[in-house]
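Remarks on the structure that follows.
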Amino acid sequence: MIIHLAPDCTESIQTDILCAVRAVGYTPTAVQTQFGRYIVCIGKQPIDIRVLGSLPGVRDIYYVSDDYQLVSRKWKLERTTIDLGDGVTLGNGAFQIMAGPCSIESEEQVCSIAQHLQRCGVRIMRGGVFKPRSSPYSFRGLGLEGLKIFARICREHGIKVISEVMEAAQIEPMYEYIDIYQVGARNSQNFNLLDELGKVDKPVMIKRGISGTIEELLYSAEYVFSAGNERLLLCERGIRTYERASRNTFDINAIPILQDKSHLPVIVDPSHAIGLREFVAPVALAGVAAGADGIIVEVHETPEEAASDGAQTLNYEESEQLFHQIRALLSVRQSFS
Ligand code: PEP
Ligand code: MN
């Protein structure tokens, strides 16, 4: 159950509401985000919610049958829109392409890719500077210095930046250089990191864990929301199954299911989902056809020479063709709705 507090609800009125919630046998948690104040109430026994709904200081009250609450669509039917500024919005009908290298490698590399994206009308560039690699001997990223270069060049091209944050200590130093924090699959359930990301007011995209369920992804988002940050995106990037013919297995089911269960935008990552460059485009298009709110795809001038994930990275020609196909498919999709 979620109690949405009125903007003028004072601390003492809030205390009265917390007492009233305890009195009906529910455990309340007060949540304050950049957009509102809520009390999440957890309990099992049926109650007449009008008893709480008529208290002073209550704007609205919602019964949510899901175990996660604030990210559930049971209370917020309207889909969330993430506004990144400068006309870049995402979600609730606004589709965005995010593209760029797996890793930021050099100023020349970022310049070249930013120019390519600008030519193609792509407004958000991806690129990791803190890289979670399976082997400690692989390239682990250029760190904060790489992010500074990445941000400067993107800003010169009117492009927004998404980059992975691997630990809580990186949140603050990254803050001024990024527009979206990416939480990688390996950190999807790093609850300390998620809690800390709740304290910032920049959007956070959470990737589904390598073996994570849809419900676990929603709980991860609930961590960030309940810690104070409503600006969230969910990302389906493939899961580990018994299938070895592809890097991961793209769970296309996750797109409509996440959109049914949550009001948050759903992004697909076909690059990590299939891991095979020649098949990234069909998987991307399948994700768009299934209703995704955006796509994040790996692009490099010379994928063969990329410092990481070259085998799943598109070159300029391939990515340009994919962007055209996505836009064509989006207009077909619109005609269905
Ligand atoms: C990435 O985006 O480069 C990445 C490491 O992705 P994931 O966390 O999904 O493996
Ligand atoms: Mn990658």
Side-chain angles (χ1 to χ4, degrees), residues 96-105 109-110 113 122 124-136 138-143 146-147 150 160-167 170 174 178-190 193-194 197 203-214 216-217 220-221 224 232-241 246-251 254-255 258 266-277 279-280 283-284 287 292 294-315 318-319:
Q96 288 295 338
I97 297 172
M98 312 183 201
C102 180
S103 305
I104 296 300
E105 296 164 12
Q109 178 227 27
V110 178
I113 299 176
V122 172
I124 308 172
M125 180 160 161
R126 62 148 289 145
V129 295
F130 300 111
K131 295 302 302 176
R133 303 306 302 278
S134 300
S135 162
S138 303
F139 177 62
R140 288 160 77 174
L142 293 183
L147 183 61
F150 181 19
K160 304 289 176 190
V161 170
I162 176 167
S163 195
E164 177 164 353
V165 56
M166 278 182 60
E167 55 169 319
Q170 293 163 352
M174 289 176 78
I178 55 115
D179 298 290
I180 306 175
Y181 288 101
Q182 173 176 324
V183 175
R186 291 156 193 79
N187 262 319
S188 195
Q189 287 190 302
N190 180 339
L193 177 63
L194 298 173
L197 286 166
V204 177
M205 184 182 83
I206 309 174
K207 287 192 158 194
R208 183 172 177 182
I210 290 175
S211 301
T213 64
I214 289 173
E216 284 165 342
L217 177 59
S220 296
V224 183
L232 290 167
L233 310 160
L234 306 171
C235 179
E236 164 58 37
R237 48 77 74 200
I239 46 172
R240 177 157 297 173
T241 67
S246 53
R247 182 175 180 183
N248 290 297
T249 296
F250 181 45
D251 181 10
I255 302 160
L258 284 169
V266 177
I267 309 299
V268 288
D269 175 345
S271 309
H272 293 85
I274 192 158
L276 302 165
R277 179 176 167 188
F279 305 129
V280 165
V283 171
I295 179 177
I296 182 161
V297 63
E298 288 182 337
V299 173
H300 194 286
E301 186 173 10
T302 45
E304 307 72 22
E305 290 163 24
S308 56
D309 283 351
Q312 62 187 36
T313 299
L314 303 182
N315 65 22
E318 291 160 342
S319 55

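In listed order, ligands and their atoms are each counted from 1. Along the sequence shown, the residues carry numbers beginning at 1. In this text, all values refer to a predicted model and were calculated from it rather than measured experimentally.
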Item checked: Reported CG-to-CD distance for the pair D251 and E236, which is rounded to 0.5 angstrom -> 5.0 Å

Margin query: Taking 4.0 angstrom as the limit and counting only heavy atoms of Q182, give me the atoms of ligand 1 inside it, by number and element.
Written below: 1 (C), 2 (O)

Next item on the list: Run the numbers for me: atoms of ligand 1, each under 4.0 Å from some heavy atom of K131, listed by number.
Entry: 1 (C), 3 (O)

Next item on the list: Just the protein N/O/S atoms under 2.8 Å from the Mn ion (ligand 2), please, no waters.
Entry: C102 SG, H272 NE2, E298 OE2, D309 OD2

Item checked: Worked verdict on D309 versus H272 for side chain to side chain donor-acceptor pair (under 3.5 Å) -> CA-CA 9 Å; D309 283 351; H272 293 85; 3.0 Å; yes

Check: Looking at E167, R140, M174, E164, which one forms a side chain to side chain contact (heavy atoms under 4.5 Å, CB included) with F130?
Finding: M174

Notebook entry, point to check: Closest approach of M166 and P132, non-hydrogen atoms and distance?
Noted result: SD-N, 3.5 Å

Next item on the list: Report the nearest protein non-hydrogen atom to atom 6 (O) of ligand 1: residue, atom name, distance rounded to 0.1 Å.
Entry: K207 NZ, 3.0 Å

Item checked: Heavy-atom closest contact (G146 atom, I104 atom, distance) -> O-CG2, 3.9 Å

Next item on the list: Kindly give the heavy-atom pair with the smallest separation between I113 and H300, and that separation in Å.
Entry: CD1-CA, 4.0 Å

Notebook entry, point to check: Looking at F279 and I274, what are the two nearest heavy atoms and their distance?
Noted result: CB-CD1, 3.5 Å

Checklist line | Top protein contact for atom 8 (O) of ligand 1, by heavy-atom distance | finding: A185 N, 2.7 Å

Item checked: For C102, atoms of ligand 1 separated by under 4.0 Å from a heavy atom -> 3 (O)

Checklist line | Closest approach of any protein heavy atom to atom 9 (O) of ligand 1, naming residue and atom | finding: R237 NE, 2.7 Å

Notebook entry, point to check: For ligand 1, which atoms sit closer than 4.0 Å to a heavy atom of E298?
Noted result: 3 (O)

Item checked: H272-ligand 1 polar pair, N/O distance under 3.5 Å -> yes

Next item on the list: Check the surroundings of atom CZ in R240: do more than 12 heavy atoms from other residues, nucleotides or ligands lie under 6.0 Å from it?
Entry: no

Next item on the list: Around atom 2 (O) of ligand 1, find the nearest protein heavy atom and jot down its residue, atom name and distance.
Entry: R126 NH1, 2.8 Å

Note to self: Return the CG to CG distance between L194 and N187, rounded to the nearest 0.5 Å.
What the structure shows: 8.0 Å

Next item on the list: Enumerate the atoms of ligand 1 whose separation from the nearest heavy atom of G184 is less than 4.0 angstrom.
Entry: 8 (O)

Next item on the list: State, with a plain yes or no, whether a side-chain heavy atom of R277 is found less than 4.5 Å away from one of E318.
Entry: yes

Notebook entry, point to check: Which protein non-hydrogen atom lies closest to atom 5 (C) of ligand 1, naming both residue and atom, and how far is it?
Noted result: E164 OE1, 3.8 Å

Check: So, do E298 and P303 sit near enough that their side-chain heavy atoms are less than 4.5 Å apart?
Finding: no

